[in-house]
Each structure stands twice: as structure tokens, then as C-alpha cells.
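Here is the structure we will look at, set down as C-alpha cells.
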Amino acid sequence: MLWNKNKSIKIITTTEELKELEAKYLAAEYIAFDTETTGLGRFDEFVGIGFALSEDEAIYIPYKIYDLASKSLKYPWTLEAIDYIDAWIEKQLTHKKRLICHNASFDCKAVDNTLCFDPIDYIYADTGLLHHTVIDEEPPHGLKNLSIKFLDESAANPQEDLKESVKVMGGIWKAADKEFYKGAYTILGRYCCYDVLYTFGLFNRFMPRVEEEQMQDLWENEVMALLPVTHELNMTGIRIDVEYFKQLKEEMESNIKNMEAIIFSEIEEHIVDYEVQAVLDKYKVSSRSSLGKYLFSRGYKGNEPELVNFRDDIIQWYKTSKNQERVMNLDSNKDKAFILFDILQLPCYENTATGGRKVTAAILKRLEEEYAESSEILKILMDRSKEKKLLTTYVVPFIEKNIDGRMYPSFNQSGTTSGRYSSNSPNFQNIPARDNRIKKGIVSDDGYVFVNADYSSLEPRSFASVSSETSIKKVYTDGLDFYSSVYLTVMGDSSLSADPEAPNYLGLVDKQLRQDTKAWALGLAYGMSEFKLAKVLNKDIEETKELKDKYFKAFPNLLKYHKTCEASIRTKGYVTSIAGRRRRAKLVPELHRRGYDPFDRKSVYRAYSKGAFNNYETNKKLMSAVGNEINNSYNFGIQSLAASVVNAAAIKVKKLIKDNDLDCRLVLQVHDELTLICKESEADKASELLREAMENNRITDKIDVKMIAQPLIAKRLSEAK
DNA sequence: AGAGCTCGCGCC
DNA sequence: AAAGGGCGCGAGCTCT
């Protein structure tokens, strides 16, 4: 409990106490704050708020208190007191750009929901983003984890106390659902005070690193500049056509039902024994269970092995049982494997890591091609899975979780190692692109339209820049096709052209060859092995080895880039993108420090066999982890650069919208795509600004390959691409 | 029941 | 012997 010494925490009970502290808090160069809320949702309010002046001194203002008798939240204040407190909080949170917060978007949202002002522009530093940027890009970035790691081994204790209190008050405390606000206000307040103290503590540890590591530009101009964008994405939400989705739900359920009927009619006669066994697994055969009672009435003596004689009785019971449902579960890979390999007698080519018989779309596809007599059922199995996944991931949650016809996906700025956003609840970044049914139901508000633009070939263009290969950059100055050009350059083939307009264009002359090139044009740059390549191209390993050699001979600067990445993780322990973002490696630098060569398999094996890395169960796992780090280092400079391009575009477009006083907000980001919603009459202007921001910004200025984006205007997301 | 895992698959 | 990268999520499954 060392860290806890000399900490001053105070639960405010009178406005006089606040009055006394006002000047002191206003005078502070930085203050940390944290809210305790009724939940994690878009419209949840805070029940209390904590402030810290330093990592030693904090206060908590209980704003509302959970009353056990009435099971509701109540103000412990007079109306005058509430006015005073509201004003006090607003003064502190909008005084200067000096606020420190852990996951600021969340707390600013709670403040806005409760007090109708949003302090996001006053955030000086977000300690979660600080950790992600200057300490370690790998999660967890949560306050509790970081506090334990960097400040106080007992940082989990205040939460343990709170947990007890919440339970005593009859509140829920589960992994994904914790009713913090039901805890006694003194305990909740103490917990909150510790959180703000920890936040300040992390700030004190992390902030100096920005300068020490010379990451000011990335920190100020990308990470913190992006925070208001993140917040706007999280606050705005997006309208959905609920009636459309209700109809789609009916349609999909009917589709699924029909597909299942066909599948079961094909296999019905073969699954009886399987289902009997499943019934026995699922329902107990005891003298008191209904299955047991039935079987005993049919003469069963209670000896397990003789159950086999009661096969028909079990079927009979099951057919008349109230619980009757299909035991064969088409969502289960185990059951799917049973259908494919036991009933249909198809060959099993591959196993899962845990020894199960692997069933994937690719395997189904291969079997479909090779076994015509089973092709119908295989196709239906695939289609059913897709339909079910879409139904349960989007359609049902859209219907059940929309708030007044809107969804509020959450965007996480520290969700990836590369600086991309991640999205969840639900994930708006993996809505099907080809099957347009989901996007069709995502609509703009009345009088507003979507303005949507994605980059043309963002990642290949980033790759072209990072590779320093003139032949690849040429693709984007001469309007060539990327894959055709890579193929022809690697093969040294000058008889064909990469120009889509030319009569001897590769994509025209040999479409398949161009298609195959997609498998390796970027893959090899990201460290793909000959082995994997042989597998995807269905070629022998010698042939793919030759291809790989040719590839790096044709692109010597790319090879140099790989060598630079390797040297960087070996000696510095990280790679850096053009935008200044870092990805740290752990194993490679450690091997190097201990005198092993991380790029020599034998040397890594020696390290393993000497017991230096016995936290890895096998040498294979160690090798795989080292290989992963190396490949990550190749990929990072490209993917992360692309991420920074989009981040810079989002920052710039938000500024342009403000400067031009448009009624327009950012609603979605999907890695190479930005979506605005704007007043219909201003859509042309917004398009112009979006294009400008995407094509010319802080990061594109640093790249010698032109970036292209073409905005589209539409009322439904499906029409905006 | 709940937590945490694997698997498979959607997007970039 | 065998490693392209970055995600989130639903469902099954296993352990508790």
C-alpha cells in the first residue's frame, strides 16, 4: 500500500466546501477528472464526478445518490445547491485547455448528458491515448490495469470494496454489466477519487515521455487533434430504417427456415442415432426426469448400457416432448463436420488447432466443386451461415437496440496497434460491402444527406510510397493497374501492358493471371512465406520460391525497407512510420540483447533450448512469435501510414466544416473511408471540403504518391459507394 | 449461470 | 518446419 501514503481524498457534502476549493482548483495548471455514471450507454448520465489537483489530492462530488428504499437515484442537494454545483463543475471544466482524463470521450459524453455542455475541447491529455502512443500500443489500455502496472499494486482494492457495496445494495456486478451507481456514495466516491489520482499519476509518468521520445508531432497533431473527431463519431450516431429492418428480419428468418428444411430433408434418415445420443446427453435419465419416467414406464431398468434398446422410445419421447427442438445444430462446427464427413462421407482435409475437423467456407467451396452430388447441400449450408450471421449481428441488434431510430456505434481511437480506429457495439466497420441489404437500411436524417468518400487504393499507394520503388510509384502517376504492373515488373515481361486502356492490357489478355497476383503483390511485402504462397496459388514450393526471389530482385528498395525494419526492431526495439507512430517489438530486441540473432532460426532455437524463453511452451511457438514480430514490422509502416492519412483527413475536414460554418458532422470511418452527414443544401460544399481534406493534408504532404478520393452524395448508405 | 476460450468470417 | 497485416463479434464449447 506504499502508493496510498499521503493521499488526500475528500467526499464533498456541502457547497461551502466547494466554495473554499474553487480558487485552488481554478488556479491549477492541470486537473484530472472522472465521472461515475449510470451505465456505458450513449445517454447515461453521471451520478458523481471526481477531480484531482495532483496525484495526491482529490475530491468527489456525489451528484445523485442511490436510494435503496425507493430504488431510485435522488439528489442529496437543495435546488440552489444543485445550481451552485453545476456552475462550479462547468467553470472547472471549461476554464482552460488543462483537463486530464482517462478515456475522455466517455466522460465528456456523461458530462454533456448531465449538464448540457461538452468539455471535449478542454482536454489537454487522455492518459489512455498517452499509453497507447508513447508507452505501449498493445492493450490493455484500461485505467485499472495501467494503475496496477505503473503506480500501485493495490489499485484494484477500491473497486473490490465498491463491488461489495453494490452487491449489498442489490445491484448487478457481472463482467459486462456493473451497476457502479448503486454502491454507497462514500465508497463510490472513494473509488472515484482513486481513479482521478491514478489518472494524474499516469499523466505524470507518461507525459514527459512525449518529449523524451520526440513524439510531440504525432501526439499533438494527430492523436490529441483526433480526439474531438472520435468524440463526434461517438456522439452523433446514425439513423436506421427500423421498419425496413423488421421486414428484412422476417425475410431472413424465412430464408433460413427454408434452407434448413432442405438440409434436414437431405440428411434426416442419417441423423436419428446422432439425435438419440444428443437427447441422452442433453436430458438426464433419472427416475425423476420426464425422460426417465417415460423410459421406466416402458420397462427400462435403470442400467445405462441397456439404453441402446430403448432407441425407439427415446425418439418417441423426444417427438412428444415439450422441449422438442432440433438437436442437430447447424451453427455448430462439430455438427457441420458430422454432416460433411460422417453422413455425406466427404473427405476431411484439415483439422483445427484443437483437433476438431475443420469446416470453413473455403473447405465447403472446395468440396462443392469436387463432389457434385453434394453440391446443393454444401451451398445451402454456406448461404445459411451467412444469412444467420447477418441476422444476429446487425438486423436483430438494430431492431432491439436502436434509440429512437438511431444506432450509436462506438469508435475506439486506441483499439489498434496501427493507429486505425476500431468500432464496436455494433461494429460498423465490417458491414457487408457486396450484400447491400444492411447498408440499405442505414439512412440519413430528414433534410440531410450522406457525403461519403473512400480513398482509391489507399494501402497500395501507401505501399508505393514506403517501398521507394519508382516502378510502383509509376502506377499512380501513369494511371496503371497496380496488380498488372507488379506482375509484369516482377516477371520482366514487356510484351504486355499494365495500362487498362492498352490493347495488350494484362487484365484483358489474362484475367486470371492478374487475379492470382492479388494473392502476393502485397502479401510478399508483408512477409508472406513461400509455403503459404504455394498453398494459396496451388503451386509447388520451388515455383513459389522462384517467384519470391524475382519479386525482391525486381524491388530492391523494398528489400532495403525490410532490412531497415529488421535493424530497427533489433537495435531500437521498434519501427516508426512516416507519421511518427511506433510499433514496439519485444522478442526480437530481447533476443538481440541476449546475444542471439533473431533473424537466424538456428540461433533462436539455441535461445529456446538454453531455456531463455521457456515462457513459450515449444520452440515452434517461439519461432512463430518471432516471425510475427518481424512481419508486423514490415506491415506497420504501410498500414499505419495509411491510418495516419485518414486520421489527418478527418481532422482537417472537421476544421474545414467549422471554418465554413456548415451543418455537417462526421458519422462513420471505415479505414479508408469517411462518411459525413450534412444538410442537403450544403452537400456540394461538404463534398468539396471532404475531397480537399482527404487528398491534401498534413500526412499526404509527406508522401510522394498522390492520394485520390471521390465523394458521393446519397440518402442511403448503400447508394453512397 | 458466468467467464473465457476457440473458431470462423465480415470489413479494411 | 512453415508466420502476410489490422480489427469485432456470434456461436459453440469448456471449465468453474
Side-chain angles (χ1 to χ4, degrees), chain A residues 137 139 172-177 329-337 350-364 382 385-386 388-394 396-397 409-412 415-435 438-439 454-455 457-460 462-463 518-536 541 544-545 548 562 583 601-602 604-605 618-640 642-643 646 668-673:
Chain A
E137 62 289 339
I172 296 170
W173 192 280
K174 289 193 283 196
D177 187 9
N329 183 353
L330 296 178
D331 288 326
S332 157
N333 269 17
K334 226 171 152 183
D335 283 5
K336 275 191 260 190
E350 255 182 285
N351 287 66
T352 64
T354 46
R357 295 178 293 183
K358 203 168 185 175
V359 181
T360 65
I363 287 167
L364 289 170
M382 278 188 275
S385 296
K386 279 185 192 161
K388 185 95 193 279
K389 174 83 181 185
L390 277 192
L391 175 68
T392 52
T393 309
Y394 294 106
V396 171
S410 162
F411 287 85
N412 183 357
T416 70
T417 50
S418 61
R420 282 179 169 189
Y421 276 110
S422 67
S423 158
N424 62 43
S425 315
N427 182 353
F428 264 64
Q429 293 181 320
N430 68 345
I431 296 173
R434 267 179 61 196
D435 181 341
I438 305 299
K439 284 193 175 172
D454 62 350
Y455 279 102
S457 314
L458 177 61
E459 196 155 307
S462 304
F463 167 65
K518 285 186 176 177
W520 51 267
L522 278 169
L524 285 175
Y526 297 157
M528 183 189 244
S529 64
E530 302 100 350
F531 181 81
K532 167 90 188 260
L533 193 54
K535 213 167 112 178
V536 289
I541 196 116
T544 51
K545 234 176 209 157
K548 196 173 167 183
H562 278 195
R583 171 134 197 190
R601 284 190 359 252
K602 283 181 185 160
V604 176
Y605 178 70
T618 59
N619 178 50
K620 210 168 126 181
K621 288 198 173 170
L622 176 64
M623 293 286 266
S624 164
V626 172
N628 249 324
E629 268 190 3
I630 296 168
N631 288 349
N632 288 342
S633 79
Y634 301 151
N635 173 272
F636 179 78
I638 296 156
Q639 185 181 125
S640 182
V646 185
L668 294 177
Q669 190 268 26
V670 191
H671 309 310
D672 69 347
E673 176 183 357

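- Near DNA chain B, defined here as any heavy-atom distance below 4.0 Å, there are no residues from residues 520-531 of chain A.
- As judged by a 4.0 angstrom heavy-atom cut-off over every strand, A:N424 is placed among residues touching the sugar-phosphate backbone only.
- Sorted by first then second residue, the side-chain hydrogen bond (donor to acceptor under 3.5 Å, both in side chains) pairs that include residues 353-364 of chain A, not counting sequence neighbours, are A:D342-A:R357, A:T352-A:T354.
- For the salt bridge (charged side-chain N to carboxylate O under 4.0 Å, His left out) condition, the pairs that include at least one residue of residues 418-431 of chain A, sequence neighbours left out, are A:R420-A:E459.
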I'd like a table of donor-acceptor pairs (distance under 3.5 Å, sequence neighbours excluded) in which one partner is a side-chain atom from residues 529-536 of chain A, with atom names and distances.
from: A:S529; atom 1: OG; to: A:K532; atom 2: N; distance (Å): 3.1

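- For A:K621 and C:dA1, the NZ to P distance is 18 Å, given to the nearest whole Å.
- Straight-line distance from the CZ atom of A:F411 to the P atom of B:dC12: 14 Å, rounded to whole Å.
- A parallel orientation is assigned to the rings of A:H562 and A:Y634, their planes being inclined by less than 30° (bins at 30° and 60°).
- Side-chain atoms of A:H671 do not come within 3.5 Å of backbone N or O of A:A642 as any donor-acceptor pair.
- An OP1 or OP2 oxygen of C:dC7 is reached within less than 4.0 angstrom by no side-chain nitrogen or oxygen of A:T416.
- For A:K386, the salt bridge (charged side-chain N to carboxylate O under 4.0 Å, His left out) test picks out no residue, with sequence neighbours left out.
- One finds no side-chain N or O of A:T393 lying less than 4.0 angstrom from the OP1 or OP2 phosphate oxygen of C:dG8.
- Looking at heavy-atom distances under 4.0 Å, A:S385 makes no contact with the nucleic acid at all.
- At whole-Å resolution of the value, CD1 in A:I638 and C1' in B:dC12 are 15 Å apart.
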Quiz item: side-chain hydrogen bond (donor to acceptor under 3.5 Å, both in side chains) between A:Y394 and A:N430: does it pass, once the steps are laid out?
Solution: CA-CA 10 Å; A:Y394 294 106; A:N430 68 345; 2.4 Å; yes

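- Nucleotide B:dA1 holds its C1' atom 14 Å from the CG atom of A:D177, rounded to whole Å.
- Between A:N329 and the phosphate of C:dA11, there is no side-chain N or O to OP1/OP2 separation shorter than 4.0 Å.
- When heavy atoms are screened at a 4.0 angstrom cut-off, A:S624 is found touching no nucleic acid atom at all.
- The salt bridge (charged side-chain N to carboxylate O under 4.0 Å, His left out) check on A:E673 picks up A:K721, with sequence neighbours excluded.
- Contact annotation for A:G415: backbone-only contact, meaning every heavy-atom pair under 4.0 Å involves sugar-phosphate atoms and none involves a base.
- Partners of A:S425 by side-chain contact (heavy atoms from CB on, under 4.5 Å), not counting sequence neighbours: none found.
- Distance, A:F636 CZ to B:dC12 P: 22 Å, rounded to whole Å.
- Nucleotide C:dC13 holds its C1' atom 14 Å from the NZ atom of A:K336, rounded to whole Å.
- C:dG8 atom P lies 12 Å from atom OH of A:Y394, rounded to whole Å.
- Evaluation of the salt bridge (charged side-chain N to carboxylate O under 4.0 Å, His left out) rule for A:K388 yields A:D331 as partners, not counting sequence neighbours.
- Judged by distance alone, with hydrogens and angles left aside, the side-chain atoms of A:N351 form a donor-acceptor pair with the main-chain N or O of A:G356 at under 3.5 Å.
- Picking from C:dC7, C:dA1, C:dG12 the nucleotide with the shortest atom distance to the side chain of A:S422 gives C:dC7.
- Every residue meeting the side-chain contact (heavy atoms from CB on, under 4.5 Å) condition with A:D335, not counting sequence neighbours, appears here in chain and number order: A:Y274, A:M328, A:N329, A:S332.
- Of the two residues contacting DNA chain C, namely A:E137 and A:T392, the nearest-nucleotide position lying further toward the 5' end is that of A:E137.
- B:dC7 and C:dA3: their P atoms are spaced 14 Å apart (whole Å).
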Quiz item: How does protein reach along nucleotides 4-11 of chain B, written 5' to 3' as B (base within reach of a heavy atom under 4.0 Å), S (only sugar-phosphate), or - (no contact)?
Solution: --SSBSBS

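- Rounding to whole angstrom units, NZ of residue A:K532 and P of C:dG4 are separated by 4 Å.
- Residues satisfying the side-chain contact (heavy atoms from CB on, under 4.5 Å) criterion with A:S633, sequence neighbours excluded, are A:C565, A:I569, A:V575.
- Residue-level contact check: A:S640 touches neither bases nor backbone, having no heavy atom under 4.0 Å from any strand.
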Which pairs, protein N/O on one side and nucleotides 14-16 of chain C N/O on the other, fall under 3.5 Å?
none

